[in-house]
Trainee: 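Below is the structure I would like to discuss, written out as structure tokens.
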Amino acid sequence: MSDLVSLKDFTPADLELWVQEVEQPAYRAKQLLKWMYSQNVEDFQAMTDLSKDFRGWLEQHARLPCLMLEEVLTDEDGTRKLLFRLQDGEYIEGVLIAEGQRLTLCVSSQVGCAFGCRFCLTGQAGYSRDLTAGEIVDQICAARRELGPDERITNLVFMGMGEPLANFEQVVKGLEIIIADNGLNFSTRKITLSTVGLIPEMHRLSRLFPVKLAVSLHAADNETRSRIMPINRRYPLEELLEACRQLELPRRQRITFEYLLLGGVNDSAADARKLGKLLRGLRAKINLIPFNGYPGAAFNRPSPTRIAEFQEILQEKHYTATIRQSRGAGIMAACGQLRHNR
Ligand code: SF4
């Protein structure tokens, strides 16, 4: 990586301090933030209200882009998979999903992932490194540049490559920039962070930001969950759900529980009943995700009847249980299909 200071790794408060350190007037931070995030400019020379000297100085000492959008693949359903190349040559992927008025960007938080969930292609490729806050934020900036004139990213989900809470400090810093009025200015209500259930970090995060949480459950008993998600040996289901009960949620906010339906593994009527029992008393929403296959996958997608039955059992118990429509499966951009090696 270069020795240039990466300005997108600074929160707005850090940028103000840096501007002081380099002996510039305080209003320079405001100017820079406006160009970086409201105008989405990547070139110091385009920042026309900065003096020519300062622009030249910035070119010598600082940099803006943290990644390059190298390729965009568009599925028949309109879902776009974005392939980003990082400065050290690593790759990550993001996904843009349009649904009605909503345009959601799914961002990555790590290059690869160390958690090894058996059904996930990212997990199988292994872990390379954490992303920096700038690399997290720059996925949004680069995706914005790809949008049509009438498009706007309305929602963000941390459901791309990696476990966001395993990269806690950088994800928190990234969120500060994403939420700040003078940063990317997203409302916390429009941000969902997905986790396999790292209990201490879930508590820490809930004390910092009221972003929505999606917990990947994927099984209703410890034996099955440990088999498909090794993290369950560290944080078994009862501890995880007790932690969810203790989280202080904003009024009317619910926790989404993601449940990947794997044919013959966790999709029986008995599993659905167990799941209903497990979530009793929680402000829960259940998102059922029928497995999206990939070459060499060890699992199958359940039949449509099985999926519908599973949902019905939960609805009879008065849960909101939705079935996630598979988006981007044709370009390997659906859940669990992202990987970083080309
Ligand atoms: S599902 Fe998430 S936590 Fe599990 S291996 Fe894949 S990216 Fe990692």
Side-chain angles (χ1 to χ4, degrees), residues 81-84 86 90-95 97 104-131 135-136 139 156-168 170-171 174 191-202 205 211-219 222 224-237 239-240 243-244 255-262 265-266 286-299 301 324 326-329 332-341:
K81 179 156 85 168
L82 315 175
L83 181 71
F84 300 110
L86 307 177
E90 293 276 13
Y91 285 91
I92 52 166
E93 293 178 343
V95 187
I97 309 146
T104 303
L105 177 66
C106 175
V107 294
S108 291
S109 53
Q110 297 180 307
V111 183
C113 183
F115 285 81
C117 302
R118 300 282 176 260
F119 45 79
C120 171
L121 203 50
T122 308
Q124 285 170 30
Y127 165 83
S128 294
R129 68 170 174 86
D130 288 342
L131 294 187
E135 287 167 333
I136 293 168
Q139 293 172 61
L156 290 177
V157 293
F158 281 76
M159 293 185 186
M161 290 163 55
E163 160 57 49
L165 294 184
N167 182 14
F168 192 83
Q170 296 303 313
V171 166
I191 303 172
T192 304
L193 187 139
S194 167
T195 177
V196 284
L198 305 187
I199 295 175
E201 287 80 9
M202 281 165 59
L205 183 79
V211 295
K212 293 184 187 164
L213 211 57
V215 176
S216 302
L217 220 49
H218 305 332
N222 281 318
T224 312
R225 193 165 189 264
S226 296
R227 195 150 33 94
I228 58 175
M229 297 177 72
I231 188 64
N232 194 63
R233 297 193 197 109
R234 197 179 342 153
Y235 300 121
L237 277 172
E239 282 180 36
L240 174 57
C244 291
I255 301 179
T256 300
F257 289 94
E258 309 275 2
Y259 194 99
L260 184 65
L261 286 164
L262 302 165
V265 176
N266 62 0
I286 305 162
N287 195 5
L288 301 171
I289 312 165
F291 179 65
N292 293 304
Y294 49 81
F299 299 98
R301 190 183 177 91
R324 187 186 292 170
S326 173
R327 305 295 308 267
M332 293 286 286
C335 291
Q337 289 186 325
L338 303 183
R339 64 189 308 165
H340 67 285
N341 38 358

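Counting starts at 1 for both ligands and their atoms, following the listed order.
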Trainee: If you count the atoms of ligand 1 from 1 in the order shown, which ones are under 4.0 Å from a heavy atom of F115?
Mentor: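 Close to F115: 3 (S).
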Trainee: Within the stated cut-off of 2.8 Å, is an N/O/S atom of C120 closer than that to atom 6 (Fe) of ligand 1?
Mentor: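 So C120 counts as coordinating atom 6 (Fe) of ligand 1, yes.
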Trainee: How about C113: does one of its N, O or S atoms come closer than 2.8 Å to atom 8 (Fe) of ligand 1?
Mentor: yes
Trainee: Examine distances only and state if a side-chain atom of R301 and a backbone atom of G293 form a donor-acceptor pair shorter than 3.5 Å.
Mentor: no
Trainee: Can you check which of G197, S194, G162 brings a heavy atom nearest to atom 2 (Fe) of ligand 1?
Mentor: G162
Trainee: So which heavy atom on C244 is nearest to which on M202, and how close?
Mentor: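 It is SG-CE, 3.9 Å.
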Trainee: With distance as the sole test, does T256 use its side chain to make a donor-acceptor pair with the main-chain N or O of A214 at under 3.5 Å?
Mentor: no
Trainee: Taking ring pair (Phe, Tyr, Trp, His ring centres under 6.0 Å) as the criterion, tell me which of F115, F119, Y259 meets it with H218.
Mentor: F119
Trainee: Looking just at side-chain N and O atoms, do T195 and E163 make a donor-acceptor pair shorter than 3.5 Å?
Mentor: yes
Trainee: What atoms in ligand 1 come closer than 4.0 Å to a heavy atom of V196?
Mentor: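 This gives 3 (S) as the contact atoms.
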Trainee: For ligand 1, which atoms, with element, lie under 4.0 Å from some heavy atom of G116?
Mentor: 5 (S)
